[in-house]
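Accompanying notes for the structure given below.
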Amino acid sequence: MPDTQSDTQPYDPAAVEAKWRERWIERRTNAADLDGAAEPFYNLMMFPYPSAEGLHVGNVFAFVGSDIYGRYRRLRGADVFEPIGFDAFGIHSENYALKVNTHPAELIPRNIARFREQLRRVGLMVDWDHELSTTDPDYYHWTQWIFLQLYKAGLAEKRAAPVNWCPMCKTVLANEQVIDGYCERHPETRVIQRVLEQWFFKITDFAARLLDNLERLDWSDSTRTLQRNWIGKSEGADLVFATPTGQEIHVFTTRPDTVFGATYVVLAPEHPLVEALTTAEQRSAVNAYRRKVAQMDLVSRRVGSKDKTGEFTGAYARNPATGESVPIWIADYVLMEYGTGAIMAVPAHDERDHEFATAFELPIIPVVRMRDGTTPDLPFTTRDGVLVNSGQFDGMSCEDGIRAVTDWLETKKLGTRQVQYRLHDWCISRQRYWGPPIPVIYCDTCGTVPVPEEDLPVILPPLENFRPDESGVSPLARLEEWYRVPCPKCGGTARRETDVSDTFLDSSWYFLRYPSTDFDDRAFDPARTTRWLPVDSYIGGNEHAVLHLMYSRFITMVLHDLGHLKFEEPFTRFRAHGTIVKDGAKMSKSRGNVVVPDEYIAQWGADTFRMYLMFLGPYQEGGDFRDEGISGIRRFLDKVWALTAQPVGGTPDDDALRKLHQTIRKVTDDLQELRYNTAIAAMMEYVNVLRQEGQDAAREMPRELVEPLVVMLAPFAPHFAEECWERLWHHESVFDGSWPAFDAALAKDVEIELVVQVNGKVRARLTVPAGINEEEATRRALADEHVKRFIDGGPTKKVIFVKDRLLNLVV
RNA sequence: GCCCGGGUGGCGAAACCGGCAGACGCAAGGGACUUAAAAUCCCUAGGGAGGCGACUCCCAUGUGGGUUCGAAUCCCACCCCGGGCACCA
C-alpha cells in the first residue's frame with residue numbers, strides 16, 4: 001500500500017513537492033550512470049551567473065524548458081545527464097561586490113547556496129553530483145590549462161590594443177560602459193582611448209570554419225543568422241594603389257567593378273604607411289589630426305554618419321585601372337582593424353565617400369547607371385546596374401564587372417581576390433581581480449614563459465582591496481609577494497602576468513567539465529567525454545548567441561585540432577528560448593520590474609508555476625509575464641488529480657481511446673520541437689473529453705486512459721506526476737516508466753466534418769465517413785439544400801477536393 | 001541605415017505544406033449548488049445585420065495592392081513593436 005495521501009484529499013502541492021524532493025535524493029533518481037549508460041543523452045542548459053538577487057522568472061522559464069526536454073528524452077528511454085553549475089567569475093560579480101563592499105570570495109558562495117536552494121525547489125532533474133563553479137580552483141586550474149594549450153599552439157599572443165579609459169575611474173571600460181563618449185559612472189568625464197598590452201586568442205584564423213560549419217548544425221535559425229552576421233564574410237578584392245615613392249597601398253573592396261570611379265584613397269589615421277607617405281608641408285597637419293583621433297574613445301569613433309573629418313597627406317597614388325594620380329587622405333571613418341586599413345573611395349556610389357568628397361571638394365565620377373539607362377541622384381549604390389566611364393568594361397553588368405575587373409587587375413599584378421571577415425580576435429585580458437590569473441611569467445632573460453602545467457593552478461590570491469586603480473593594470477599588481485616569482489626556465493628574476501582572463505573563457509568549456517568533475521588530474525576524461533559529448537541538446541538565450549556560443553565553438557575546434565577531442569562542434573542541437581519580459585521591458589533591477597519566482601512557487605507550487613510559464617506562449621518566443629492565468633493551470637491539475645482518484649478499471653470507449661492517441665501524437669510531436677504551450681493545450685482537451693466520459697467520480701476510470709496522461713504530464717509537473725503515479729499503485733518513479741506508444745489505427749477518425757464551399761465560401765459542413773472519395777462527397781454536397789441554393793441549378797465549372805477536409809464547387 | 005523576429009477577440013494565444021480563423025486558457029455575463037460567500041459544475045461569448053425561432057447573411061488576422069477556386073499563411077509596397085549589428089569599404 002503506497003503511503004500516499006488519502007484519495008479523497010485535495011491536491012496539496014507543498015506536501016507533494018517536499019515529499020518528492022526527498023524521494024529523488026534518497027533514490028538517486030536524477031543521478032546519471034556516467035560510465036555505464038547505454039543510451040547517453042547530454043541535456044545541457046546555460047549555467048547561470050549567481051547574482052545576489054537570486055533566480056528570476058526568466059531563469060526559471062529557461063531551465064524548465066530545458067528540463068522538460070530532458071525528462072521527455074528520459075521517458076523515451078535515454079540515460080539523461082542534466083548537470084548545472086555557476087558562472088561566478090567576472091566583472092559582474094566584482095562590481096556588485098565593490099558596491100556592497102563585501103569580498104566576492106565571501107559573496108559568491110552565499111549566492112550560490114541561495115541559487116542551489118531555489119533550483120531544487122523548481123524541481124529540475126539535475127544531477128547535483130556534478131555541480132561546478134568557475135571560481136573553484138579545481139575548475140579554473142583547467143581554464144588556465146586551456147590557455148596554455150592555445151599558447152603552445154601559437155593561438156594566444158600578446159599585443160598592444162586600444163581600450164576605453166576613464167580618467168576619473170582610472171580604469172578600463174568595456175564598450176557597454178561608455179555612453180555617448182562619456183563614462184557610465186561619471187557622465188561629465190569624456191572617455192579616452194589608451195593603448196595597453198593585451199592577450200588575444202586568434203579566433204579569426206577559424207572564421208571560415210566557424211562560418212561553414214554553421215550550415216551543418218541543428219541550431220535555431222535565429223542563432224545561426226546572428227553568428228553568420230557576426231563573422232561577417234565579405235567577398236571582394238585586394239587592389240594595389242602604387243605611389244611614386246615605391247610604397248604600395250593595398251585596399252580591400254567588395255566592388256572592384258567601381259575602381260574607375262575611385263578618385264582618392266583614404267588610410268586609417270593609424271595606418272603604418274602614413275608616416276612615410278606624408279609630405280613635409282602636410283606633416284604638422286597630419287600629426288595634429290592623428291593626435292586628435294587618438295584622443296577619442298572607441299565608441300564615439302565608431303558612431304557613424306557624423307560629419308566627416310580627415311587630412312590630406314600631400315601624397316598621391318596611381319589608380320590601378322585608370323592609371324591616374326589620386327590624392328591620399330587619412331580619415332577616422334576608415335578603421336584600421338577591418339580589411340587593410342585603407343580604402344579606395346568611390347564617392348559616386350558610396351554614401352560615406354560621398355560625404356567626405358563633398359566636405360573636401362574631391363572629384364566625384366559616376367561609373368554605374370541603372371539598367372533602364374537612368375542615373376539616380378548621387379550617391380547611389382547598386383549591384384544591379386551597368387558600368388559606364390569604365391574603359392573597356394563599359395556596358396557590362398556590375399556582377400560581370402566584379403569578375404572581369406578583378407581578373408584584369410590580377411593579370412596586371414595589381415589585384416587579387418580576397419575574402420574579409422568582420423570577426424575580431426578575442427581579447428581575453430582583464431585588468432581586474434575577480435578571474436583566473438593568466439598563467440604566464442615574464443622573465444628578464446627568457447621573456448614570456450608559460451607556467452608549467454604541473455604548477456597549475458595559479459591560485460587567485462586573497463586580496464583585501466581589489467578595487468581597480470589608476471595604473472591600468474590589475475589590482476593583482478599590488479601583490480608583489482604574489483607576482484614576484486623565479487623564472488620556471490632559468491630560475492632568474494621574473495614576475496607573473498597580473499591580468500586575469502575573460503569570464504567568457506570560463507564558460508567556453510564548462511560543458512566539457514561536467515561529466516568529469518570527479519577527476520582532479522585532467523580537464524576532461526577521454527572515456528567520459530567520448531561517451532557523453534558532443535552535447536545532445538543545448539538550450540539557452542539568444543543574448544549568448546554570439547559571444548558564448550562562438551567562443552565555445554572556437555575552443556572546441558582548437559582542442560579538436562590539438563587532438564584532445566574527437567569532435568569539432570560542441571553542441572549538436574541548440575535551441576534559443578524566448579525572453580520573458582515584464583510590462584514590455586527586459587527585467588532589470590534598475591527598472592524595478594524583476595519578478596521573483598519564490599512567492600509564486602510558495603503560493604502555487606513549482607509544478608503549477610512550471611506549467612504556467614510554459615503555457616504563457618511559445619517557448620522559443622517568450623512573452624510578457626503576467627500571472628492572470630495561473631489559476632487555469634491549477635484547475636487543470638486539480639482535474640487530473642480527481643481523475644487519478646477515481647477507481648481504476650473498466651474498458652475504455654472508442655471515442656476516448658481515439659482522443660488519447662491523437663493526444664499522444666500531438667504531445668510527442670510538440671515536445672520534440674519544444675512547443676510546450678500547445679502540448680499543454682492538447683492535454684487539457686483530452687482531460688475535458690475524459691471528464692465528459694467519466695463525469696461520475698464513482699465511475700471506474702480505465703487504466704489505459706489515465707496512465708498515459710500522467711506520463712505525458714510528468715515532464716511538465718514532475719512532483720505531481722510522481723504522486724499521481726503512486727496513487728495508481730506504482731512503486732517505481734514515473735521517470736523509470738516509458739512514454740506512451742502511439743497507435744495510428746486507434747487515432748484514426750471514423751467520421752469527419754467535410755467543409756463544403758461554393759466559390760470559396762463555406763456553405764455547409766457535412767458529417768461524412770473518413771476517407772470519402774470525391775464523387776461521393778460531391779454527390780452528398782449537391783444533395784444539400786443549402787448548397788443547392790448557392791449553386792442555383794447551374795453547372796459546376798470546377799471541383800476542388802481536399803481529402804477529409806474540404807470540397808469547393810466553382811460555378 | 002542594414003539584418004533577424006513579431007503585429008490575429010477584452011487579454012495570453014492556436015491554426016502542420018495555401019483549405020472551417022479564434023483550439024486551449026484567463027477575464028466576463030447568465031444559471032445550478034449554498035443561509036451566504038468561496039470552491040465546484042453547466043451554459044453563453046469576434047463584430048454587425050435580419051428573424052419569434054431552429055437559423056441566415058455580411059464583415060473581420062497592422063495598412064494598401066497582387067497571385068489563387070480559396071490567403072493569417074505566398075508576392076510587392078508601406079506603418080508600428082521587439083532584438084541584433086552599426087562609418088565593415
Side-chain angles (χ1 to χ4, degrees), chain A residues 10 221-226 228-230 232-234 236 251-255 258 266 301-306 308 331-335 337-346 349-353 355-356 381 420-424 542-543 545-546 576 578-579 581 584-586 612 615-618 620-633 635-636 638-639 642 666 669-670 673 675 677-688 691 695 753-762 764-765 786 789 796-811:
Chain A
D221 287 338
S222 59
T223 313
R224 290 196 301 176
T225 302
L226 284 167
R228 212 173 282 126
N229 293 345
W230 187 260
K233 181 178 178 173
S234 297
V251 304
F252 174 71
T253 177
T254 53
R255 295 296 302 275
T258 63
V266 189
R301 167 87 189 267
R302 285 188 183 133
V303 172
S305 70
K306 49 167 189 165
K308 293 283 178 288
D332 68 349
Y333 82 93
V334 175
L335 307 173
E337 64 266 28
Y338 184 75
T340 57
I343 61 154
M344 65 175 201
V346 184
H349 306 294
D350 181 284
E351 209 177 310
R352 298 152 300 174
D353 296 344
E355 278 174 33
F356 191 82
T381 307
Q420 277 297 331
Y421 297 94
R422 218 190 56 115
L423 185 70
H424 291 358
N542 253 345
E543 68 272 20
V546 180
T579 319
V581 296
K586 245 185 195 168
Y612 181 60
F615 192 57
L616 215 58
Q620 300 189 59
E621 283 169 37
D624 208 299
F625 183 83
R626 347 151 277 284
D627 51 17
E628 283 86 23
I630 195 161
S631 56
I633 295 289
R635 283 203 269 264
F636 168 68
D638 281 336
K639 288 174 194 173
K666 170 81 177 146
D669 289 352
D670 281 352
E673 295 307 320
R675 291 189 296 253
N677 55 333
T678 49
I680 293 169
M683 289 189 282
M684 286 174 166
E685 271 186 67
Y686 175 60
V687 166
N688 291 343
R691 279 159 51 80
Q695 198 59 245
E753 202 172 64
L754 186 77
V755 172
V756 181
Q757 297 182 335
V758 178
N759 290 336
K761 285 192 190 261
V762 180
R765 298 185 173 101
H786 197 233
R789 201 141 49 83
T796 50
K797 275 191 237 153
K798 196 171 170 188
V799 176
I800 287 127
F801 179 68
V802 183
K803 203 177 172 196
D804 287 349
R805 283 217 119 126
L806 155 145
L807 180 75
N808 187 10
L809 305 167
V810 185
V811 294

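Since the structure is predicted, the reported quantities are computational estimates derived from the model, not experimental observations. Just so it is clear: chains get the letters A, B, ... in the order the sequence lines come, proteins before strands, and each one is counted from 1.
Scored by the side chain to side chain donor-acceptor pair (under 3.5 Å) test, A/Asp627 finds A/Tyr600 as partners (sequence neighbours excluded). Annotation: side chain to side chain donor-acceptor pair (under 3.5 Å) contacts of A/Asn688 (sequence neighbours excluded): none. With sequence neighbours excluded, no residue forms a side chain to side chain donor-acceptor pair (under 3.5 Å) with A/Tyr421.
Of the candidates B/rA89, B/rA23, B/rC69, B/rC69 carries the atom nearest the A/Lys798 side chain, counting heavy atoms from C-beta on.
Between B/rU61 and B/rC74, the distance separating the two C1' atoms is 16 Å to the nearest Å. The same atom, P, is picked in B/rG29 and in B/rG65; the two are 40 Å apart, to the nearest Å. With both ends at atom C1', the span from B/rA15 to B/rA21 equals 7 Å, rounded to whole Å. Separation of the C1' atoms belonging to B/rA13 and B/rG7 is 13 Å when rounded to the nearest angstrom. Nucleotides B/rG22 and B/rC79 have their P atoms positioned 33 Å apart, rounded to a whole Å. When the P atom is compared between B/rA28 and B/rC33, the two are found 22 Å apart, to the nearest whole Å. When the P atom is compared between B/rG84 and B/rC76, the two are found 27 Å apart, to the nearest whole Å. Straight-line distance between the C1' atoms of B/rC85 and B/rG70: roughly 41 Å, to the nearest whole Å.
Within the model, atoms CG of A/Asp221 and CZ of A/Arg228 stand 8.0 Å from one another, a figure rounded to the nearest 0.5 Å.
Because its glycosidic torsion is more than 90° from 0, B/rC76 is reported here as anti. Its glycosidic angle being within 90° of 0, B/rG9 falls on the syn side.
Relative ring orientation between A/Phe625 and A/Tyr612 is described as perpendicular, the plane-to-plane angle rising above 60° on a 0-90° scale split at 30° and 60°.
At B/rC59, one or more side-chain N or O atoms of A/Lys761 fall inside 4.0 Å of OP1 or OP2 (strictly under the cut-off). Side-chain nitrogen and oxygen atoms of A/His786 include at least one within less than 4.0 Å of the OP1 or OP2 phosphate oxygen of B/rC57. Checking the phosphate oxygens (OP1, OP2) of B/rA39, no side-chain nitrogen or oxygen of A/Arg635 falls inside 4.0 Å.
In this structure, A/Leu226 places its CG atom 13 Å from P of B/rG83, rounding to the nearest Å. We find that CG of A/Asp353 is positioned 7 Å from C1' of B/rA89, with the value rounded to whole Å. Atom CD of A/Glu351 and atom C1' of B/rA89 are 13 Å apart (whole Å). Atom-to-atom, CZ of A/Phe625 to P of B/rC26 comes out at 16 Å; the value is rounded to the nearest Å. Rounded to an integer number of Å, the gap from A/Asn542 CG to B/rC85 P is 11 Å. Atom pair A/Met344:CE and B/rA89:P shows a separation of 12 Å (rounding to whole Å applied). For A/Leu335 and B/rA89, the CG to C1' distance is 9 Å, given to the nearest whole Å. For the pair A/Arg422 CZ and B/rG84 P, the interatomic distance rounds to 14 Å; values are reported in whole Å.
Between A/His349 and A/Arg255 the shortest side-chain heavy-atom distance does not fall below 4.5 Å. Two residues are said to be in side-chain contact when any heavy atoms from C-beta on lie closer than 4.5 Å; A/Met344 and A/Asp353 fail this criterion. Side-chain contact between A/Asn542 and A/Thr223 is present, with at least one heavy-atom pair separated by less than 4.5 Å.
Mapped onto RNA chain B by nearest heavy atom, A/Val810 and A/Lys639 fall at different nucleotides, with A/Lys639 at the one closer to the 5' end. Between A/Asp638 and A/Met684, it is A/Met684 whose nearest contact on RNA chain B lies nearer the 5' terminus.
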Residues 754-761 of chain A side chain polar contacts: donor-acceptor under 3.5 Å, at least two apart:
unit_1   : atom_1 : unit_2   : atom_2 : d
A/Asn759 : OD1    : A/Val811 : N      : 3.0

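Annotation for A/Arg626: atom CZ counts as buried by contact number, over 12 foreign heavy atoms lying within 6.0 Å.
Among the protein residues, A/Ser234 comes within range of the sugar-phosphate backbone only, with heavy atoms under 4.0 Å from sugar or phosphate atoms but none that close to a base.
A donor-acceptor pair is defined here as one N or O able to donate and one able to accept, closer than 3.5 Å; no such pair exists between the side chain of A/Thr579 and the backbone of A/Val581.
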Next on the checklist: Across nucleotides 3-21 of chain B, 5' to 3', mark each nucleotide with B, S or - according to how protein heavy atoms within less than 4.0 Å reach it.
Outcome noted: S--------BSS----BB-
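The base of B/rC69 lies outside donor-acceptor range of the side chain of A/Lys797, with no N or O pair under 3.5 Å.
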Checklist entry - Dot-bracket for RNA chain B, 5' to 3', with Watson-Crick and G-U pairs under 3.5 Å, [ ] for crossing pairs and | for other-strand pairs: what is it? => result (((((((..(((......[....))).(((((.......))))).(((((....)))))..(((((..]....))))))))))))....
